[in-house]
J.: 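Have a look at the structure that comes next, please.
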Amino acid sequence: MPELPEVEGVVRQIRPVSIGKKIEAVTVSDIIRLSKANGKEAIIKRMEADRFVDSLTGAQIVRVERRSKYIYFTLRKDHEFLLVNHLGMSGAWFYVDQLQSIPEDKFRRHVHVILTLSDGNLLAFSDIRRFGEMRVLQEEAEFPPLLLMAPEPFEPGAREHFLAIAESAKYQNKAIKELIMDGQIISGCGNIYATEALFKTKIHPKRAARRISRRRKVELFESIVAILLESIEAGGSTISDYRNINGESGSMQDRFGMYGKKQCMVCGTMTKTLKIGGRASVYCPTCQK
DNA sequence: AAATCAGTCCGGTGGC
DNA sequence: TGCCACCGGACTGAT
C-alpha cells in the first residue's frame, strides 16, 4: 500500500527519466475502456478514455511532484496543465524499454495506462486492483479535495495544523488513529505508518484525542515525521504490491515494530486488532495505553 | 445542519 | 479443491 514514502520514492525516480521529454503516445488498456464503456470510473476519472489519450498525447513533461500520496505531473502543450495520479492500493509505475521488461507477471498482466516517451521508453502504470486514479486537470482547483489536503508533514506549519485540528471541538472524542490517518489533518500517513507511530509513542490507537496531552501529541507528530523520513531512506515498505519504477521492493517492512505482527516486538504480548474508522488497527495491549 | 454510513473502483487471499 | 466473504484509500452521495 503506497503511502507518502513510497510515492516519494516513485516521484524521485520518475523525475530524472521523464522531465523535458514528450509524451509521444498514450495507450489505455481494453479492460479500462470496457469498464468505462459500462459506466464505471475505472482509474481514469471524469473523462472518456479517448479524450484522456488526446489530452496527454504530444505534451511535454515539465515537472513531477508529490503532494501527500498524489503524484502531480505538470504537462505542457500550448499551456500547462496537470495529470494527477494516485496509486491507490496497488498502483505502480514502471520505466521500461518494452512491456515485457516489467519484472513480474502480476504487474505485467495489469498495465492499464502506457505513456510512450520521446526517448523511446515507456512509463507504464500497472494497477492490480484498479483503485488507482488518473485525472487530467487544467488546475488543481478543478478537483476541490486536493485543496483540502493538510500541509506536507515536513513543511513548517504542518505540526500546528495537526495540533489545531486535534484540539478543535469536533475531534475531541475521535480515536487518535482516525485523526492521524485523515489526509486533511496529516498528509501522507496511512495505516502502516499510523500503526508504527502509535506503537513507538505507546499510544493506544483508540484513545480519544482529548485524552492525549499536547506534549504527547507533539511527540506523536514528530514520530510520524521521523518514520516517514526513515521509510523514504529505506526505499519504502513492500507488503505485497509496492515496487519502485525498476520493479524493486523497499525494505522498511523489515523495521516494523507492530504492523502485521502477531506478537509485540518489545514485550512479547500477543497483539490485538481493532477496527477503527473502518480499518484494521493492530496494537500491543500492554505497551500501548 | 452535520455527522455517519454505504457505495464505488477491484483482484488476491484466507478460511472453510 | 473450489467457492466466497473480506479487505482497503479516499471520494461521493444518501440518510
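Each chain gets a letter, A, B and so on, in the order its sequence line appears, and its residues count up from 1.
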J.: Are A/Y193 and C/dG9 close enough that a side-chain N or O sits under 4.0 Å from OP1 or OP2?
T.: no
J.: On the nucleotide C/dT12, are OP1 or OP2 found under 4.0 Å from the side-chain N or O atoms that A/R46 carries?
T.: yes
J.: How long is the straight-line distance from CG of A/L147 back to CD of A/E140, given to the nearest 0.5 Å?
T.: 5.5 Å
J.: Ignoring backbone atoms, test whether A/S240 places a side-chain nitrogen or oxygen under 4.0 Å from the OP1 or OP2 oxygen of B/dG12.
T.: no
J.: Identify the heavy atoms of A/T273 and A/A280 that sit nearest to each other, and give their distance.
T.: CG2-CB, 4.1 Å
J.: Roughly how far, to the nearest 0.5 Å, is OG of A/S281 from NZ of A/K177?
T.: 2.5 Å
J.: Less than 5.5 Å between centroids and less than 30° between ring planes, does A/F131 satisfy that with B/dC10?
T.: no
J.: How far does CZ of A/F162 sit from CD of A/E167, to the nearest 0.5 angstrom?
T.: 8.5 Å
J.: Please determine whether a side-chain nitrogen or oxygen atom of A/R130 lies at a distance below 4.0 Å from atom OP1 or OP2 of B/dC10.
T.: yes
J.: Is the phosphate of B/dG11 approached by A/H110 (side-chain N or O, under 4.0 Å from OP1 or OP2)?
T.: no
J.: Taking 4.0 Å as the cut-off, does a side-chain nitrogen or oxygen of A/K40 come that near to OP1 or OP2 on B/dC10?
T.: yes
J.: Looking at A/K106, does any N or O in its side chain come under 4.0 Å of the phosphate oxygens OP1/OP2 on B/dG12?
T.: no
J.: Does a nitrogen or oxygen in the side chain of A/K275 sit under 4.0 Å from OP1 or OP2 of C/dC7?
T.: yes
